[in-house]
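Just so we're on the same page: letters track the sequence lines, and every chain starts at 1. Both backbone and side-chain heavy atoms feed into the values below; hydrogens, waters and symmetry mates do not.
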Amino acid sequence: MTLQREKRQYSWGMVVDVDKCTGCQACVLACQAENNVPLNLQDRFERARAMSWIRVERYWEGEFPDIKARFIPIMCQHCENAPCEPVCPVFATYHNNEGLNVQVYNRCVGTRYCANGCPYIVRFFNYWEPVWPEAFRNHLNPDVTVRSRGIMEKCSFCIQRIRRGVRNAERENRNVVDGEIQTACTQACPTDALVFGNFNDEDSKVSKMRKDDRHYTLLPHLATDPNVVYLAKIDPDRSAGASHG
Amino acid sequence: MASEAVHSGAHSGVHAEAHEEAHHELPARVEPDVTTSELIATTEANATGVRNWMWILGALTLVGIVVAFVKVLIEWSDQDEWGYTAAMVAFLFSAFGGAPLVAIAGTLAKGNWVRPIARFAALCSLVSIICTIWMIPLILNLPMLVVDGARRRSIWFEGPDVSPHIWALVAMITLIISALGLIYAYAIPDFAAMRDHSTGWKQRFGAWLARGWIGTTVQWRTMRMRIGMMGTLYFFTFVFVHFIISTDFAMSLVPGWRDAIFPMYHAISSIQAGLAVTVIGLWAARKYLGLEKYLHLDQFWSIGRLMFAFTLLWGYFFISAFIVFWYGRSGSDQMWIDYLILGPYFWVFILAMLFIWFTPWWWLIWNRVRRSYNGTAIGAGLILLGVFLDRVRLYVAAWTVPEDRIHERFLTEYPSTVYPDVMDIFIMVGALAGSILLILAATRVLPILSIWDVQQFNLLYRPVEYMKTKVSLIGKPD
Amino acid sequence: MSKSVLGLYNDPNQAADAMDALKNAGFAQGTFDVLTGTPYPEGAFGEHVPQHRLFRFPAFGAIIGFTLALFLTAATQIAYPLVTGGKPILSLFAMLVILYEMSMLSAVISTVVGIVIESRLPNVNQGVYDNRITEGLIGVVITTDDDKADTAIDALNGAGAMEIKQA
Amino acid sequence: MQQRRTIDQIHTNRVLLNGQLDTPKWWAPTVIVLGIIVAIGFFLIGIMVNKGLGVTGLSRPVYWGLFITTFVFWVGISHAGIMISAILRLSQAEWRRPVTRAAELLTVFSLLTALLFPLMHAGRPWRIIYFILPYDFARGIMPNVRSPLIWDPVAISTYLTGSTLFLYIALLPDLGNLRDRTTGWQNALYTILALGWRGNPRQWKLQTVGGILLSALMLPIFVSVHSIVSWDFAVTPAVEGWHSTIFAPYFVIGAVHSGVSAVVTMMALMRWLWKWEDFIRPEHFDALARLLIVVATGWLAFTFLELLFAVYGLDAPELELRDMQIFQWPWNLLFVTFLFTGYIIPVGMWLQKSVRNNIALMFWSSLFVNIGMWLERFMIIVPGLARKTPFVYTWEAYRPSGLEWFILFWSLAWVTFLMLLFSRFFPLVPLFEQKESQTFGDSIKIGRVRVPAIVREAD
């Protein structure tokens with residue numbers, strides 16, 4: 001039985017400081033490599049079937065010439081009240097007791113209902129069997145399942161890394177230390193815009209960052225209660241505040 | 001649930017009254033001249049008893065009106081003081097406004113059983129006059145569409161600030177016109193009967209309104225067409241008024257309440273209550289005006305079945321909305337559940353649900369209950385109580401939302417429970433008394449069962465011998 | 001040894017007379033029956049109106065179905081308490097749908113079983129019968145002892161039977 | 001409305017059993033052609049399962065497309081049967097008699113067809129057994145009863161089972177009739193199926209009471225099925241166009257609209273193909289058209305409320321969605337087509353008595369309705385997904401692939417194929433109901449006219 005957020009040992013989450021994001025796409029690339037995400041060839045984009053577990057959305061603000069590019073990285077928000085979870089008929093996606101919205105590939109039958117339920121559009125369906133060029137075969141991450149066609153997939157907060165970190169800590173009879181576990185995207189982020197950690201650890205970096213005045217979540221009116229918290233862009237021209245969502 | 005009761009002793013000859021739940025005797029036909037004289041007599045009969053009642057009801061109505069004026073003087077500016085009045089108007093309109101649909105639907109579907117009850121059902125629509133009068137303080141008290149420069153959500157979108165005021169009034173007046181038209185279209189042959197068989201002012205009144213009715217084929221055909229047209233008009237106005245009342249006087253007062261089914265839910269429970277009013281009215285007419293000869297179990301049984309169906313429909317419409325909110329659980333979805341159901345009127349909701357749905361469901365499901373006059377009437381009483389409580393839950397909750405919060409995305413802090421004060425109780429009793437008084441007064445002029453309908457019923461109905469059994473033959477003219 | 005006799009009639013009124021004749025000849029109500037190709041109003045032939053207990057079947061079925069569904073939905077959720085979307089483990093309103101459907105399914109199935117049983121079907125040995133009953137003839141059938149068969153045949157013929165069949 | 005006509009039972013048998021005893025000449029070629037189409041369809045479905053859903057036009061975020069639309073469409077059509085046979089039976093409408101069986105049959109076969117669509121549109125259909133059969137599988141977990149996709153199969157299989165049993169019970173007297181008319185292996189088949197039906201008062205009584213009881217039980221199932229299908233959509237707050245409380249009754253009344261229209265289409269075909277002019281008569285079409293006017297207008301009111309309360313919230317994504325649905329190419333064309341074919345043209349036609357009594361016009365107008373109703377479902381499902389939230393960044397609309405279109409038309413052929421197969425072995429018009437209407441029909445003499453009358457039992 002899943003515990004409430006406060007009673008969990010770990011409650012994984014991420015804080016995204018939008019102010020620091022430069023839109024460099026390093027996180028996207030790192031994620032693609034870490035999680036065996038299939039290559040997005042031209043036809044995948046043309047048919048609007050491209051997959052990227054994390055994406056950097058770009059918005060234009062203002063009118064030319066007074067125009068600014070805004071970036072916001074979006075990945076699975078690992079909502080506490082995730083709309084995608086209860087609709088799955090086979091429990092292929094559910095909430096585990098570390099606060100993660102997990103996807104169980106073996107159970108998935110590919111109804112794609114979860115994807116319809118997700119307001120952030122971060123769930124992906126394998127329309128085809130994934131193929132990699134011969135040269136790429138040996139680059140696949142052995143810790144991560146290669147998904148077959150016909151199932152859903154999405155950001156897992158690099159669950160393979162979390163599992164290894166927790167296992168190591170348990171072996172040494174201690175709690176996971178803050179910063180010990182890094183997801184591929186946080187590791188790759190050159191500006192530290194993405195920070196991963198345990199929300200239940202009062203001293204963790206994410207817990208401290210979350211107390212910032214600039215914090216907000218995406219689509220708050222849907223009351224999904226995400227585990228990804230954003231910190232708003234600091235705009236010298238305007239007072240800080242939630243500009244997205 | 002199923003219409004067949006178990007036969008026992010087809011030829012026992014036991015009087016129907018004694019064994020209502022068993023096989024009932026086929027009702028005897030009544031000769032046309034008897035019908036006319038007896039039904040005309042009901043407008044005079046029992047005069048002192050009815051007159052006493054009318055005095056009492058009149059007094060209560062008057063007190064209600066006086067109290068309403070006092071309330072206007074001292075509590076005019078408090079929007080949340082008017083919640084119970086709004087609930088009362090909604091209830092009266094729901095209960096009495098829904099009744100004529102029984103007559104209209106039955107007539108359009110050419111059902112023979114509906115004929116004896118069509119008049120009473122149509123007369124109920126008179127209450128729209130009372131509703132309109134009581135709506136005036138509500139309309140004037142309705143918060144503006146634009147408050148502090150912010151526009152609240154409403155079905156009028158960018159419309160002028162006074163849209164709800166105007167349209168509510170237009171709708172109500174159209175309703176009154178179509179109600180009067182419906183009653184009149186039904187009543188012309190009866191006015192002619194008054195002209196021919198009454199005395200004094202009633203005769204002159206009948207002669208005036210009968211408009212030269214002598215019952216030619218053309219006149220009958222015109223009349224049927226008029227009933228069809230007025231019935232359709234009434235039906236559409238009825239739906240429109242429910243749409244207006246439910247959105248302007250409830251939904252759009254609660255920020256975040258976006259419930260597309262609500263007008264239909266409102267209309268469905270109104271028809272349910274209308275059936276209940278019809279049953280109670282007929283029950284009283286049968287008991288106190290001595291109309292046993294004309295009102296049979298057939299009528300009660302058929303309305304009982306409809307009432308049962310609409311009780312289940314209420315449950316269906318409620319759960320259709322509820323499950324969407326419960327499952328969706330976005331901020332405004334949760335607001336709906338937390339405020340309108342689990343909120344300050346939780347117990348009212350539980351009682352409403354019990355009386356409007358659960359109890360009538362398990363009560364009316366028994367054929368034995370529906371095959372008795374009292375059983376059906378008890379079910380009807382429960383439903384009326386339930387519909388009233390349901391309106392209290394919805395309207396009082398809506399009217400107590402503070403005006404400064406009305407344009408938020410959704411309500412986050414909920415106002416506490418408001419109980420009716422003495423003035424509210426007097427107003428509610430007065431409005432109800434006024435409604436009953438109006439119908440009672442109308443039956444002093446027009447017979448409570450329409451004469452021509454009853455004659456038509458008997459014309460198309462024959463108890464006959466079929467080989468070795470007795471059956472009824474029902475004529476189905478074009 | 002018992003014997004079945006079937007009298008065929010063109011006119012329903014004759015069949016009704018035959019029923020009367022059999023009654024008057026002293027045969028018990030349950031031993032004779034009328035066969036028609038279409039339903040007639042109850043008691044049209046003066047026959048004994050059949051009693052049935054069909055209404056018990058759906059009620060019984062609904063209770064069984066409800067219980068089964070309750071067990072299935074509640075037990076599986078408790079056995080595998082996986083949280084989805086923050087909904088409670090025993091989600092009453094989600095279970096309600098399945099409780100409802102399974103109650104109704106079970107009620108329908110038991111009603112159908114009830115109709116078959118109460119109609120006294122399947123009726124393996126069809127007994128004496130004639131094809132033309134489904135073409136509009138009315139059959140009056142009586143099962144009686146061998147020695148009384150002649151009385152029955154007389155009664156059937158007396159009402160104007162166009163044909164008598166025996167088995 | 002109901003002319004009193006005397007048709008003797010021998011004539012009834014001869015005409016209405018012509019499908020079984022005297023198979024028409026067109027039957028075999030038609031079935032073979034349809035069979036070929038059906039086989040091609042199954043082959044294409046095989047290809048799709050083998051290659052993956054990439055062969056469809058689905059994308060992200062339009063994850064559901066033509067298949068789900070067609071699923072909802074067939075579930076909608078399936079509401080014809082119980083509407084006709086249960087509601088009209090309970091309200092003792094005489095004119096239901098010739099159409100009850102065909103309508104129930106349409107229910108059964110369209111449900112069978114509808115069930116195929118969610119199966120074939122799943123990513124891994126061979127694993128779908130997980131959620132259709134609620135028993136523990138090797139993975140040590142049970143289906144999630146909180147998912148509307150579990151409610152769906154439960155509701156639909158309940159409806160399918162119930163309708164099939166209902167159909168069978170009402171078939172018993174006619175099976176007895178067929179048993180009496182046939183010889184050889186057919187006789188053996190009907191003898192077994194008829195369970196030894198004799199037609200005594202007890203059996204007739206149970207047939208009547210049972211029919212009414214089953215109708216009363218099927219009616220709530222009928223309402224629940226399409227409501228549950230609608231909740232598949234309505235419970236997701238992420239898709240603005242779907243999250244509406246009106247969906248359940250809106251879908252149900254739309255289903256009745258399309259289902260009853262499909263029955264009209266079928267009745268016209270039955271009248272023409274089997275030459276049942278004596279039994280399927282203009283007054284039946286007239287009555288159905290009057291019913292349809294009421295249903296269609298109710299449905300239009302629900303459509304209006306749905307649209308009105310969609311924009312009531314004035315949320316940006318919702319407005320964006322409605323803008324696309326109503327004003328942007330090609331959706332504006334579809335929207336206009338939907339409005340005209342779903343309501344304006346057919347109801348405009350039905351308002352005239354001459355159309356209501358003209359079988360050919362009724363046939364075409366009922367086809368219009370189903371085009372409109374299919375579009376209605378399409379326009380709810382696809383635009384809703386294509387513009388669901390501010391995070392939709394791929395604004396390409398969905399374009400169904402040729403394979404999807406073929407499967408849509410294949411499903412029509414498949415249902416027709418099943419119906420024709422059935423018609424070879426079982427009568428499409430209930431004979432005993434016809435005969436019953438003869439027995440119970442009578443007239444009352446009033447003055448010089450004889451008014452048609454109906455016998456009601458004393459109960």
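The part of D/Trp242 that comes within reach of chain A is its side chain, from C-beta onward, which places non-hydrogen atoms under 4.5 angstrom from that chain. Contact annotation for A/Thr224: neither backbone nor side-chain heavy atoms come within less than 4.5 Å of a heavy atom of chain D. At a 4.5 Å heavy-atom cutoff, D/Tyr398 makes no contact with chain A through either its backbone or its side chain. With a 4.5 Å cut-off on non-hydrogen atoms, A/Glu129 does not touch chain D at all. Interface remark: D/Val62 contributes backbone atoms only to the contact with chain A (heavy atom separation under 4.5 Å). Contacts between A/Arg44 and chain D at a heavy-atom distance below 4.5 Å are absent for every atom of the residue. Of the atoms belonging to A/Ile121, heavy atoms from both backbone and side chain fall under 4.5 Å from chain D. Proximity to chain A is absent for every atom of D/Ile68, based on heavy atoms less than 4.5 angstrom apart. At a 4.5 Å heavy-atom cutoff, D/Asp152 makes no contact with chain A through either its backbone or its side chain. If you measure heavy-atom distances from A/Phe124 to chain D, the contacts under 4.5 Å come from both the backbone and the side chain.
Other residues, nucleotides and ligands place more than 12 heavy atoms under 6.0 Å from the OH atom of A/Tyr105.
Contact count against chain A (heavy-atom pairs under 4.5 Å) is highest for D/Pro148 among D/Pro237, D/Pro148, D/Gly384. Ranked by non-hydrogen atom pairs under 4.5 Å with chain D, the options A/Ala50, A/Pro83, A/Cys84, A/Ala115 are led by A/Ala115. Your options are A/Met152, A/Arg55, A/Met51, A/Glu85, and the one with the most heavy-atom pairs under 4.5 Å with chain D is A/Arg55. The candidate with the highest count of non-hydrogen atom pairs below 4.5 Å against chain A, out of D/Pro317, D/Gly57, D/Pro125, is D/Gly57. Contact count against chain A (heavy-atom pairs under 4.5 Å) is highest for D/Leu58 among D/Val55, D/Leu58, D/Val235, D/Thr389.
Put simply, CG on D/Leu149 and CZ on A/Arg112 are 11.0 Å apart, with the number rounded to the nearest 0.5 Å. D/Arg60 contributes atom CZ, which lies 14.5 Å from atom CZ of A/Arg47 (distance to the nearest 0.5 angstrom). Atom CG of residue A/Asn116 and atom CG of residue D/Leu385 lie 4.5 Å apart, to the nearest 0.5 angstrom. Interatomic distance, CG of A/Leu222 versus NE2 of D/His243, reported as 8.5 Å (0.5 Å rounding).
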Discussion item. Could you walk me through whether A/Tyr113 and D/Thr236 satisfy the side-chain contact (heavy atoms from CB on, under 4.5 Å) test, starting with their C-alpha distance in whole Å, then the side-chain angles of each, then the deciding distance to 0.1 Å, before giving a yes or no?
Written reply: CA-CA 9 Å; A/Tyr113 198 1; D/Thr236 49; 3.8 Å; yes

Worksheet item: Can you check side-chain contact (heavy atoms from CB on, under 4.5 Å) on A/Phe125 and D/Leu53, steps first, answer last?
Response: CA-CA 10 Å; A/Phe125 182 69; D/Leu53 283 171; 3.7 Å; yes

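The minimum heavy-atom distance linking D/Ala238 with A/Gly117 is given by the pair CB-O, 3.0 Å. Contact record, A/Ala48 with D/Ser59: O-CB, 3.6 Å, taken as the closest heavy-atom pair. Scanning all heavy atoms of the two residues, the minimum distance from A/Thr111 to D/Trp64 falls at O-NE1, 2.9 Å. Considering all non-hydrogen atoms of both residues, A/Val109 and D/Ala122 come closest at O-CB, 3.7 Å.
Checked by atom type and distance alone, the side chain of D/Asn144 never pairs as donor or acceptor with a backbone atom of A/Phe91 at under 3.5 Å. Counting only distance, with no hydrogens or angles, the side chain of A/Arg149 and the backbone of D/Arg124 share no donor-acceptor pair below 3.5 Å. Checked by atom type and distance alone, the side chain of D/Arg146 never pairs as donor or acceptor with a backbone atom of A/Val87 at under 3.5 Å. Judged by distance alone, the side chain of D/Lys388 and the main-chain N or O of A/Pro119 form no donor-acceptor pair under 3.5 Å.
Ring geometry, A/Tyr120 versus D/Phe391: the interplanar angle falls from 30° to 60°, so the pair is classed tilted.
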